[in-house]
Amino acid sequence: MSETELPVLSVRALQKHFPVERGIIRRTVGAVKAVDDVSFDIAPGEILALVGESGSGKTTLGRCIVRAIDPTGGEATLTRRDGTSVDLVRTPQRGLRSIRSDMNMIFQDPFSSLSPRMPVIDIIGEPLRAQGIARREIHARVREMAALVGLNLDYLTRYPNAFSGGQRQRICIARALITNPRFIVADEPVSALDVSIQAQILNLLQDMRERLNLSYLFITHDLSVVEHMADRVAVMYIGRIVELAPKSRLYATPRHPYTEALLSAVLRPDPEARDQPILLTGESASPAAPPQGCHFHPRCRYAQDICRTVAPQLTEVAPGHASACHLSKELALRGVGTA
Amino acid sequence: MTALATSMAPAGMLSQRQLIWRRFCRHRVALASLWFIGILYVVVLLAEIFAPYDPFARNPTGLLSPPTAVHIFDDDWQLHRPFVYGRKVELDRQTFQRHFVEDRSQRYPIRFMIRGAPYDLLGIVPLDIHAFGVDAPGAIFIAGTDSLGRDLFSRMLFGARTSLFVGLLGLGIGFVLGLIFGGLSGYYGGAIDTLIQRFTEFLQSLPTLPLWMALAALVPKEWTPTQVYFGISSVLAIIGWTGLARVVRGKLLSLREEDYVMAAKVNGVSEWAIITRHLLPGFASYLIVHLTLAVPQMILGEVSLSFLGLGLRPPAVSLGTLLLDAQNIQTVTLSPWLLYPGAFVILIVVAFNFLGDGLRDAVDPYRQS
Amino acid sequence: MACAPLIEVRNLRVALPLENGVLMATDGVSFSIAEGETLGLVGESGCGKTMTAQSIMRIAPRFAHTTGQILLHEAGGTTDIVALDPRGPAIRKIRGGVCAMIFQEPMSSFSPLHTIGNQIEEAILLHRTQDRAEARSIAIDMLGRVGIPRPAETIDKYPHHLSGGMRQRAMIAMALSSQPRLLIADEPTTALDVTVQAQVLRLMRELQDEFGMAILYISHDLGVIAHMADRVAVMYLGSIIETTDVRRLFSAPRHPYTQALMRAIPRIGKRSGERLEAIAGNVPIPINKPRACGFANRCPAVMPGVCDVRRPALEVVAPEHRAACFLYPEVVEAADV
Ligand SMILES: Nc1ncnc2c1ncn2[C@@H]1O[C@H](COP(=O)(O)OP(=O)(O)OP(=O)(O)O)[C@@H](O)[C@H]1O
Ligand SMILES: Nc1ncnc2c1ncn2[C@@H]1O[C@H](COP(=O)(O)OP(=O)(O)OP(=O)(O)O)[C@@H](O)[C@H]1O
Ligand code: SF4
Ligand SMILES: [Mg+2]
Ligand SMILES: [Mg+2]
């Protein structure tokens, strides 16, 4: 990661608002601000983990970046392998088709993300086929890729229902990597898998990053997995990034109260650890009606008057470490030890 | 979900289609229905061969003759190959009604592949072979004759041909309409969807029978039976596509949300390829089920319209026009075999329904109660 | 913890006849839980955890074929739950009375047609009191106890009005309202966020201290199990392959599967960035499964000719520690007899 190199992906003020419609004529009565003013960069070869609670907009953010859904506003600049840059938000879907070879997505559920009626060889080759590459060449590339992710080549003509969850996720990874992309959004790639299979897939994702010099936006809710995989971590809360820091900094010295609570709630597989989670009071608010001021203030144990009225901005509190909390300079928050 | 899908894995060597077929075969009644319908279509297509008589040939001596009994024993309990007796007419002195009775002095063995009235098979091959029959002057009327002395069994085969194919033609037109409207509605959504939805609701809320009657009244009286036939098919289709359009729309809407469709989009697959490669195969099986269940509706539609005198009219032969003869309660009490076409309609409709149910269960194993 | 066992499961087998063979959902499961104790049941997806729990409540699928014994020891005597008619009055008194269950899916365990209150009151009327007004006040009290704000208002809400965490609390309130002796918690926090999970787990511990009930805590998350359980039973492919108290299990696991699993999971504080020691292969499907150790095809220490021809029994291999693996002479001995 040299300083001069352009980031693979640079996201600025990205927004996705889902309209809330009522009545027979579907009048728009409001908006769910699923992603609200999100900015970050991902360097070549870097893994940025995105954590946050359910409904905080992680999946929506990932889908907006690869344009599986269309963002409402903002910018997302992708630097392609050939060095040119494109704004993913403004390019129309048609124009994106040639750009898609440079980015891809891995979905959470390996069961629903594979067409049940296509043989695996066609599934993996689909991105190439969409680019109009000849069948013979596609098959050669598929076999190469399948071998790389550890699939048995004899089974490539079978249908996805012949494969277990872990193998299906390998198929998904092969499909995502076959066009030799630079950047991958991995949306909870292991949370649907058996515990004893997760390690295989995490290792595979790591190996692929090293071999192919990939960058990941790695979405997960499992902080142990984050600690294992990530270079930097972004914490999301109701549509916004509330803290962004290099991994070891974030774990050792979190600067946002929500991160602190999140870290303390991780239960370690060690009965001696006797973790004492910080218990948040109250409920996470819905992105359809977020609270005024800091979105986290109804559950924050440090909240002051200013938190109830003024929304804190994501500001740098230490080199490379940003937090969106009025008190992040004053508070001494509890982290978890890392080796 | 995860656990279930994992447990399916050993069957995974089989394609989706093979799995469906396997499950379908376990549904005995549906399998029997499939055979029945398959054989039925072959028989009615080759009705000229399987019918012993020309459907329009009158038998002046055999008006309203009851079904001929087939015997294998004669009066002395001697075993023979299947045969029928001759007929003679007796007059009941009290009611002055004519009765047909068997003339035990004459035996006519049933012959197979017998030469009889000449015809052009499928309109081109001139032939005179019939699958079965008896030598003249004997006669075999398996289902009796009508008031003009025409063999009802032969007429039923020809009638079923019309009815079964009116159903298919109407279905074909309705299928295309349903696919287009449902597809537009489900794929584009938004205003187009709302418009088409309201329109189908409107069509569905119209009472069917009066609508049929109104549309059928538009078919000019002077049309030939063939033109009427096409007219009827179109009438049935114009009303019949709404159900399919809803199925297509609903399926498209739900499939569009599937991750694999989103994955295809992310992989740069074009809209058209997404529809044809990912969405359509996803519910082709549902379409087949829907079609199977719609055929009997179409058949019943033709039968009802013709029965009411609004559809096909004699001399065209269809199961509906055959039932016209059964409209008079007096004839029916005296000649109950005139209801046989009705029983035949029931049999066909029930078979189609069983087939459709079997297919649906096979396609969608998770809907089992 | 030296209390008499409350429930004893002996050699429980649940066979599901499926289209491509017989699926052994649980295959000879035995364990017991004492009054006030928490037994953690861990295992991967599909290993039969839920089926074990459902068998105790007699709510397994109707086509399941269940054998073995599930003995419920009460002051009045001992009942074998397996022998009861699954729709008879005896099991209905146990179900939701002596034994209560919290399900994995908080959404599907409440009926969307009735208010939360109605459903909790229903349970109370069935097991505790005949008086509707009293049932309602007990319900409100329980909702308050599980930390639902404004219980008197919330009681008249419908399940879809509540968030996942609140619904899971309401579910706990319903399960506890009949004051069960045994609470079966089937992955009660899997669908929840970690911060909410922390609240729910704290709540369950507090309520256990207060009511003294036994808990069968089912999870696939070793962190949660380490946090909640007194003793742990590890399941793999329908069988319990190791059981001991929670400290021994995590400090000195004996079964190769447990050992491999402990090395395979990423954890905070482990030297990160390093490769995980993944377990090769896949979890087999328990259809027509051979009489062999279920882990044999993935086990790093597999002994051909031993592990793949006989099934190891769960034997004592160390003080208070049972494992089902032929690496231990006790298990080999038991198999040879
Ligand atoms: N198509 C949609 N229409 C309306 N609202 C939506 C839509 N998709 C997502 N949302 C809302 O946007 C918010 C963010 O959802 P998202 O799926 O991105 O969350 P997430 O962080 O991925 O959660 P999880 O951890 O549960 O996957 C949620 O409140 C959700 O209800
Ligand atoms: N109704 C059913 N029909 C067919 N198979 C079933 C059914 N219910 C469970 N099974 C099978 O029984 C086995 C055990 O299932 P069970 O639900 O007990 O697993 P589990 O350990 O609870 O898994 P999870 O962690 O996914 O909840 C699995 O292989 C599953 O596929
Ligand atoms: S800004 Fe205030 S309410 Fe928000 S996290 Fe910081 S201290 Fe808590
Ligand atoms: Mg998500
Ligand atoms: Mg379960």
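Numbered from 1 within each chain, the chains take letters A, B, ... in sequence-line order. What's counted below: heavy atoms across the whole structure, side chains too, no hydrogens, waters or symmetry copies.
Both the backbone and the side chain of C:I279 come within contact range of chain A, with heavy atoms under 4.5 Å apart. Contact annotation for C:L201: only side-chain heavy atoms (C-beta onward) come within less than 4.5 Å of a heavy atom of chain A. Interface residue A:V266: only side-chain heavy atoms are found under 4.5 Å from chain C. Both the backbone and the side chain of C:R247 come within contact range of chain A, with heavy atoms under 4.5 Å apart.
Between A:P271 and C:V246, the shortest heavy-atom contact is CG-O, 3.7 Å.
The side-chain heavy atoms of C:V194 and A:L262, taken from C-beta on, include a pair separated by under 4.5 Å. The shortest distance between side-chain heavy atoms of A:H221 and C:D193 does not fall below 4.5 Å. Taking 4.5 Å as the limit, every side-chain heavy atom of C:M228 sits out of range of all side-chain heavy atoms of A:L267.
Considering CG of A:L263 and OG1 of C:T195, their distance stands at 11.5 Å, rounded to 0.5 Å. Note that CG of A:D270 is 7.0 Å distant from CZ of C:R267, once rounded to the nearest 0.5 Å. Interatomic distance, C:Q199 CD to A:L280 CG, rounded to the nearest 0.5 Å: 6.5 Å. C:I265 contributes atom CD1, which lies 12.0 Å from atom CG of A:L202 (distance to the nearest 0.5 angstrom). Distance check, rounded to the nearest 0.5 Å: CD of C:E44 to CD of A:Q198 gives 9.0 Å. Separating the NE2 atom in A:H228 from the CD1 atom in C:I268 is a distance of 13.0 Å, to the nearest 0.5 Å.
Per-residue heavy-atom pair counts under 4.5 Å with chain C were compared for A:A265, A:P269, A:S54, A:A199, and the maximum is reached by A:P269. Between chain C and the options A:S196, A:S224, A:G55, the largest number of non-hydrogen pairs under 4.5 Å is found for A:S196.
A salt bridge links A:D207 and C:R275; the closest N-O separation between the charged side-chain nitrogens and carboxylate oxygens is under 4.0 Å.
Heavy-atom neighbours of A:Y155 OH from other residues, nucleotides or ligands within 6.0 Å: at or below the threshold of 12.
Between the C:N282 side chain and the A:S164 main chain, no donor and acceptor come within less than 3.5 Å of each other.
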